[in-house]
Amino acid sequence: MKKVLALVLSVLMVLSLSVVAFADEVEEEKTTPDTDTTVDNDEDAKYELGFGDLEAGPDAEPDKPGATYYYTILIDYDEDEDEYIMLTEDEIAKHLTVSIKESGDKMIDSYSIVKQNGVYKVKVVTKETFTTEETEATWTITLKRNKKYTVAEAKVEIAQKWAEICEDGVPGDHFGFEDKGYGEYVFYVDLADAHDGKEGGSYDHYTDDCNVEALAVIPKDADYAELYFADTMFWYSVKNSAKTTVNVYFHEDNKKMSTTYEDADLEMIFFDGTPEFDYTGTMHAPADKDAYVYAVIGGKLVADKFTWNKDSECWEMNAKKIEGVVVSDIKLDVSKYNSTVGGDTADENKDNPGTGSVDFVNVAVALGVVSLAAAGAVALKK
């Protein structure tokens with residue numbers, strides 16, 4: 001009996017040592033020592049970002065939400081040529097890392113050092129939001145060499161906002177809104193780029209996205225408003241009680257929808273900002289009477305929300321906020337599409353540890369320890 005107990009205790013001791021060793025092995029950061037000494041590690045070496053124009057001018061418009069910014073890495077200044085020397089050498093770039101501290105609104109989606117047209121730059125991708133308010137942030141961008149020496153640091157003020165639909169737009173000129181009198185306003189939404197020479201604070205310098213007119217501002221004196229969406233059949237009408245600003249940014253393509261219903265002839269509109277109005281209005285889809293019209297609610301297709309108005313010969317749905325509409329020439333099995341855009345995610349949220357998970361291995365070892373301890377207890381009883 002004593003021999004059995006001693007055997008169990010020795011096994012437990014070996015297992016406990018192996019757990020510690022395994023945890024150290026898995027959790028230890030996998031790094032490769034940098035033995036390259038061709039790069040000067042002088043901590044006084046300094047670079048710059050951009051072309052000295054990181055700040056937006058005083059008259060600049062906010063950038064488009066979701067803009068992507070580029071900051072060129074400048075490693076020297078040529079006094080003879082009166083110009084900065086941009087980083088193009090791979091040997092230097094591979095030793096650089098970038099970090100960004102953000103204060104204010106959280107706008108950054110990702111950032112990295114990239115090579116574009118042979119030149120190394122810091123690329124910052126921002127999140128595309130659909131609020132009607134302006135967002136602002138301050139970024140402190142830091143470049144380090146070998147994760148040790150700070151070689152560049154710059155602060156930049158970022159402001160983003162969707163542009164308002166131009167006030168003087170009329171059909172036949174450029175889209176905007178038209179005051180028809182008697183408290184009626186008609187908006188023509190075509191998502192044109194910001195007009196009249198307006199540009200964001202950095203369009204010519206380090207962003208690749210122009211602003212877009214997407215905000216419909218319905219004034220207080222508009223008792224009734226109609227919004228027409230360019231190049232689509234759809235429009236929306238609503239009463240108004242106060243100044244209402246909505247983001248009417250829309251798109252007409254949905255690859256998942258098209259591939260799910262390849263045999264159908266579809267016309268679609270989707271509003272990423274899901275604009276909401278003061279009163280319940282009417283979404284109009286002037287399709288044929290024998291068409292099938294579906295509302296998009298919570299990202300899913302919903303049947304039987306639209307009804308046929310024989311007087312106006314139009315499909316209509318009462319809604320205070322609008323998310324999307326899909327018109328089809330054939331009846332759609334909505335479950336096919338809806339199963340691809342969410343639903344019950346309980347199974348997806350369950351833990352699924354991999355074979356390299358320390359927690360998973362420790363649990364398995366712990367179960368083994370309990371089993372051996374039980375075996376030892378049985379042996380003692382015997």
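Remember, it's a predicted structure, so these values are computed and weren't measured experimentally.
Aromatic ring pairs are classed by plane angle as parallel below 30°, tilted from 30° to 60° and perpendicular above 60°; the pair F130 and Y249 is tilted. The aromatic rings of W139 and Y71 stand perpendicular to each other, their planes meeting at an angle above 60°, with 30° marking the opposite boundary.
At least one side-chain heavy atom of L87 sits less than 4.5 Å from a side-chain heavy atom of L96. Put simply, the side chain of T135 does not reach to within 4.5 Å of the side chain of E133, judged on heavy atoms. Using a 4.5 Å heavy-atom cutoff, the side chains of E184 and E226 are in contact. Contact of the K243 side chain with the V217 side chain is registered, since non-hydrogen atoms from C-beta on lie closer than 4.5 Å. Side-chain contact check for L332 versus Y337: every heavy-atom pair is 4.5 Å or farther apart. Residues K300 and V334 have side chains not in contact (no heavy-atom distance under 4.5 Å, counting atoms from C-beta outward). Between L227 and F277, some side-chain heavy-atom pair lies under the 4.5 Å cut-off. Using a 4.5 Å heavy-atom threshold, the side chains of V98 and I141 count as touching.
In this structure, W162 and A214 approach most closely via the heavy-atom pair CE3-CB, 3.7 Å. Looking at every heavy atom in both residues, A285 comes nearest to V293 through CB-CG1, 4.3 Å. M283 approaches F306 most closely through the heavy-atom pair O-CE2, 3.6 Å. The shortest non-hydrogen separation linking A291 to W315 is O-CZ2, 3.5 Å. Residues E136 and A159 approach most closely at CG-CB, 4.2 Å, considering heavy atoms. Shown here for T88 and G118, the closest heavy-atom pair between the two residues is CG2-O, 3.3 Å.
Around OH of Y77, the count of heavy atoms belonging to other residues, nucleotides or ligands within 6.0 Å exceeds 12. More than 12 heavy-atom neighbours from other residues, nucleotides or ligands sit within 6.0 angstrom of CG on D221. Under a cut-off of 6.0 angstrom, the local environment of NZ in K106 is crowded, with over 12 non-hydrogen atoms contributed by other residues, nucleotides or ligands.
With P65 as the partner, the side chain to side chain contact (heavy atoms under 4.5 Å, CB included) test is satisfied by one option alone out of M107, K161, Q160: Q160. The one candidate from Y188, W235, F250 that meets the ring pair (Phe, Tyr, Trp, His ring centres under 6.0 Å) condition with F229 is F250.
Between the side chain of N146 and the backbone N or O of K148 there is no donor-acceptor pair closer than 3.5 Å. Although no hydrogens or angles enter the test, the distance criterion places no donor-acceptor pair under 3.5 Å between the side chain of K121 and the main chain of G50. For the pair K256 (side chain) and T340 (backbone), a donor-acceptor distance under 3.5 Å is present. Looking at S328, its side chain never comes within 3.5 Å of a backbone N or O of Y292 through a donor-acceptor pair. Not a single donor-acceptor pair under 3.5 Å links the side chain of T72 to the backbone N or O of Y70.
Using a 3.5 Å distance cut-off with no hydrogens or angles, the side chains of Y185 and N240 do not pair a donor with an acceptor. No hydrogens or angles considered: a donor-acceptor pair under 3.5 Å links the side chains of E153 and T142. Checking T232 against E252 by side-chain atom types alone, no donor-acceptor pair falls below 3.5 Å.
To the nearest 0.5 Å, the span separating CD1 on I85 from CG on L74 amounts to 9.5 Å. Note that OG1 of T260 and CG of D333 are 10.5 Å apart. Values are rounded to the nearest 0.5 Å. Atoms CD and CG, on E316 and D311 in that order, are 9.0 Å from each other to the nearest 0.5 Å. Atom CD in E128 sits 10.5 Å away from atom CG in D109 (nearest 0.5 Å). Atom CD1 in I218 sits 13.5 Å away from atom NZ in K239 (nearest 0.5 Å). Considering CD1 of I108 and CD1 of I100, their distance stands at 4.5 Å, rounded to 0.5 Å.
Pairs of residues two or more places apart, or lying in two chains, that qualify as salt bridge (Lys or Arg N to Asp or Glu O under 4.0 Å) and include a residue from residues 68-90 are D90-K115.
No chain of hydrophobic side-chain contacts below 4.5 Å, direct or via other Ile, Leu, Val, Met, Phe, Trp or Tyr residues, connects V296 to V302. Follow the hydrophobic side-chain contacts under 4.5 Å out from I297 and you never reach F234; the two are in separate clusters. Hydrophobic clustering, with ILVMFWY side chains joined whenever heavy atoms are under 4.5 angstrom apart, keeps V114 apart from V125.
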Tell me, with the steps shown, if L143 and I113 meet side-chain contact (heavy atoms from CB on, under 4.5 Å). CA-CA 10 Å; L143 274 182; I113 296 176; 3.8 Å; yes
Please evaluate residues N247 and L215 with respect to the criterion side-chain contact (heavy atoms from CB on, under 4.5 Å), reporting the C-alpha separation (whole Å), side-chain torsions for both, the decisive distance (0.1 Å), and the verdict. CA-CA 5 Å; N247 187 336; L215 297 184; 3.9 Å; yes
Determine, stepwise, if the pair V248 / Y236 fulfils side-chain contact (heavy atoms from CB on, under 4.5 Å). CA-CA 11 Å; V248 288; Y236 182 78; over 6 Å; no
Can T68 and K123 be said to form a side-chain contact (heavy atoms from CB on, under 4.5 Å), step by step? CA-CA 7 Å; T68 299; K123 177 182 179 181; 3.7 Å; yes
Result block: side-chain N/O donor-acceptor pairs under 3.5 angstrom for residues 263-276, not counting sequence neighbours:
from	atom 1	to	atom 2	distance (Å)
D272	OD1	H251	NE2	3.2

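For the pair K310 and E313, the salt-bridge criterion is not met [side-chain N within less than 4.0 Å of a carboxylate O].
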